[in-house]
Amino acid sequence: MANTFLLLATDKILIHLKFRGSEENILTTGFLLGLGALCYAPYSIFLIFTILIYVVYSGTLVRRYFLMTYGFIFSFLIFWIYYLCFQQGAAFIGNYFSGLFRINVVDGTVLNNILLIFGLPLFLTVLSGAQSFQGAGLTNHQILIQRMMLWMLIFALVILRLDNQMTLLTVQTLAIPLTFFSSQFLLTRAKRWVADLVFLFLATSSITFLFTL
């Protein structure tokens, strides 16, 4: 659920970077990020990610940062008011923010399973990222999107490390940037048979791990 809201927010971010979106777009982005953070508390760090992207790569007005932050907080206010009606407002705040970020202890078995499942996408991401730094044949907007996805990957890795428990489910935080870079790698292969073989291996391994792990 959190990834769904983050994906919708990512669409709004890309629209703003390309077309300098309206204030409605900015408000909606903050609201969607807030909904994602409500589904999975560590996703609140993506508000910082969005502000960083806008500061570095766009000429967003200062008041729009406050507007986006208001949209983020507004989603929390809706749920807090609901709990407040049942005299559980303090319990909601306490349960949500208690242990929000806590460096986890990595279990060896879980780490091995993560590397088995996400090892190939991570490898494709590294290859695609190395290619994107060259910027050959890419427009400025395409380069901007790649840099944004690289920042998203960095923030996702930080969330993964600071979550209070690392599991195969929490690693799905990496899904959006890994999908982007893996797809880019496959689509930019000059030899289509190489892309087809890599995709076939990726799909086969994913289905195999689904029924074995």
Side-chain angles (χ1 to χ4, degrees), residues 1-85 89 92-98 100-101 125 128-129 132-133 135 138-163 170 172-181 183-184:
M1 286 297 295
N3 266 350
T4 299
F5 291 119
L6 179 60
L7 191 60
L8 293 172
T10 301
D11 175 62
K12 299 295 182 181
I13 295 170
L14 292 174
I15 290 174
H16 179 75
L17 290 178
K18 186 173 184 178
F19 301 108
R20 295 299 184 266
S22 63
E23 293 190 348
E24 179 183 354
N25 178 283
I26 295 290
L27 181 63
T28 304
T29 302
F31 184 73
L32 290 170
L33 290 171
L35 291 177
L38 280 169
C39 294
Y40 181 49
Y43 268 30
S44 57
I45 200 174
F46 279 116
L47 176 64
I48 302 175
F49 156 78
T50 307
I51 293 174
L52 174 65
I53 293 298
Y54 285 173
V55 169
V56 176
Y57 300 116
S58 74
T60 305
L61 300 175
V62 175
R63 72 169 184 273
R64 292 191 168 186
Y65 295 112
F66 290 101
L67 184 62
M68 183 170 58
T69 304
Y70 170 76
F72 182 86
I73 296 174
F74 183 69
S75 60
F76 283 84
L77 286 176
I78 294 175
F79 279 82
W80 178 75
I81 291 172
Y82 171 80
Y83 279 91
L84 190 64
C85 292
F92 167 74
I93 295 175
N95 291 335
Y96 185 85
F97 289 100
S98 61
L100 182 59
F101 293 114
T125 296
S128 180
S132 67
F133 277 120
L138 300 176
T139 65
N140 289 336
H141 184 65
Q142 289 173 326
I143 295 174
L144 175 59
I145 293 175
Q146 291 176 347
R147 290 175 179 175
M148 183 194 111
M149 285 297 174
L150 180 59
W151 277 109
M152 181 178 283
L153 178 61
I154 293 172
F155 273 77
L157 290 171
V158 171
I159 290 175
L160 189 64
R161 191 67 185 95
L162 294 181
D163 189 12
T170 57
Q172 292 187 27
T173 304
L174 305 173
I176 295 176
L178 288 187
T179 301
F180 172 82
F181 284 111
S183 299
Q184 179 178 258

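The chain is numbered in sequence order, starting from 1.
Atom CG of Leu17 sits about 5.0 Å away from atom CG of Leu144, to the nearest 0.5 Å. Here the CD1 atom belonging to Ile78 is positioned 13.5 Å from the OH atom belonging to Tyr83, to the nearest 0.5 angstrom. For the atom pair CD1 of Ile13 and CG of Leu8, the computed distance is 11.0 Å after rounding to the nearest 0.5 Å.
With contacts defined as side-chain heavy-atom distances shorter than 4.5 Å, the pair Ile145/Lys18 does not qualify. Within the 4.5 Å cutoff, side-chain heavy atoms of Arg147 are placed close to those of Ile143. Contact check for Phe180 versus Gln146: side-chain heavy atoms found under the 4.5 Å cut-off.
In plain terms, the two heavy atoms of Asn3 and Gln172 that are nearest each other are ND2-O, 2.8 Å. In terms of heavy-atom proximity, Ser75 sits nearest to Leu38 at O-CD1, 3.6 Å.
Scanning for side-chain contact (heavy atoms from CB on, under 4.5 Å) contacts around Val56 gives Leu52, with sequence neighbours left out. Residues that satisfy the ring pair (Phe, Tyr, Trp, His ring centres under 6.0 Å) test with Phe79, not counting sequence neighbours, are absent from this structure. Partners of Phe46 according to the ring pair (Phe, Tyr, Trp, His ring centres under 6.0 Å) rule, which considers only residues two or more places apart in sequence or in another chain, are Tyr43, Phe49. Under the ring pair (Phe, Tyr, Trp, His ring centres under 6.0 Å) criterion, Phe5 pairs with no residue at all, not counting sequence neighbours. Among residues two or more places apart in sequence or in another chain, the side-chain hydrogen bond (donor to acceptor under 3.5 Å, both in side chains) test is passed with Tyr57 by Trp151. With sequence neighbours excluded, the residues that form a side-chain contact (heavy atoms from CB on, under 4.5 Å) with Leu157 are Leu153, Leu174.
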For this session: Would you please test Met68 and Leu47 for side chain to side chain contact (heavy atoms under 4.5 Å, CB included) and show each step?
Result: CA-CA 9 Å; Met68 183 170 58; Leu47 176 64; 4.3 Å; yes
For this session: Determine, step by step, whether Met152 and Ile53 satisfy the side chain to side chain contact (heavy atoms under 4.5 Å, CB included) criterion, reporting the C-alpha distance in whole Å, the side-chain angles of both residues, the deciding distance to 0.1 Å, and the verdict.
Result: CA-CA 9 Å; Met152 181 178 283; Ile53 293 298; over 6 Å; no
Let me check something: any side-chain donor-acceptor pairs from residues 28-36 under 3.5 Å, sequence neighbours excluded? List them with distances.
{"residue": "Thr28", "atom": "OG1", "partner": "Glu24", "partner atom": "O", "Å": "2.8"}
{"residue": "Thr29", "atom": "OG1", "partner": "Asn25", "partner atom": "O", "Å": "2.8"}

What pairs of donor and acceptor atoms, side-chain ones from residues 60-67 against any protein atom, are under 3.5 angstrom apart with sequence neighbours left out?
{"residue": "Thr60", "atom": "OG1", "partner": "His16", "partner atom": "NE2", "Å": "2.8"}
{"residue": "Thr60", "atom": "OG1", "partner": "Ser58", "partner atom": "OG", "Å": "2.7"}
{"residue": "Arg63", "atom": "NE", "partner": "Glu23", "partner atom": "OE2", "Å": "2.9"}
{"residue": "Arg63", "atom": "NH2", "partner": "Glu23", "partner atom": "OE2", "Å": "3.0"}
{"residue": "Arg64", "atom": "NH1", "partner": "Gly21", "partner atom": "O", "Å": "2.7"}
{"residue": "Tyr65", "atom": "OH", "partner": "Tyr54", "partner atom": "O", "Å": "3.4"}
{"residue": "Tyr65", "atom": "OH", "partner": "Val55", "partner atom": "N", "Å": "3.3"}

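Dense packing is recorded around CZ of Phe76, with more than 12 heavy atoms of other residues, nucleotides or ligands lying under 6.0 Å away.
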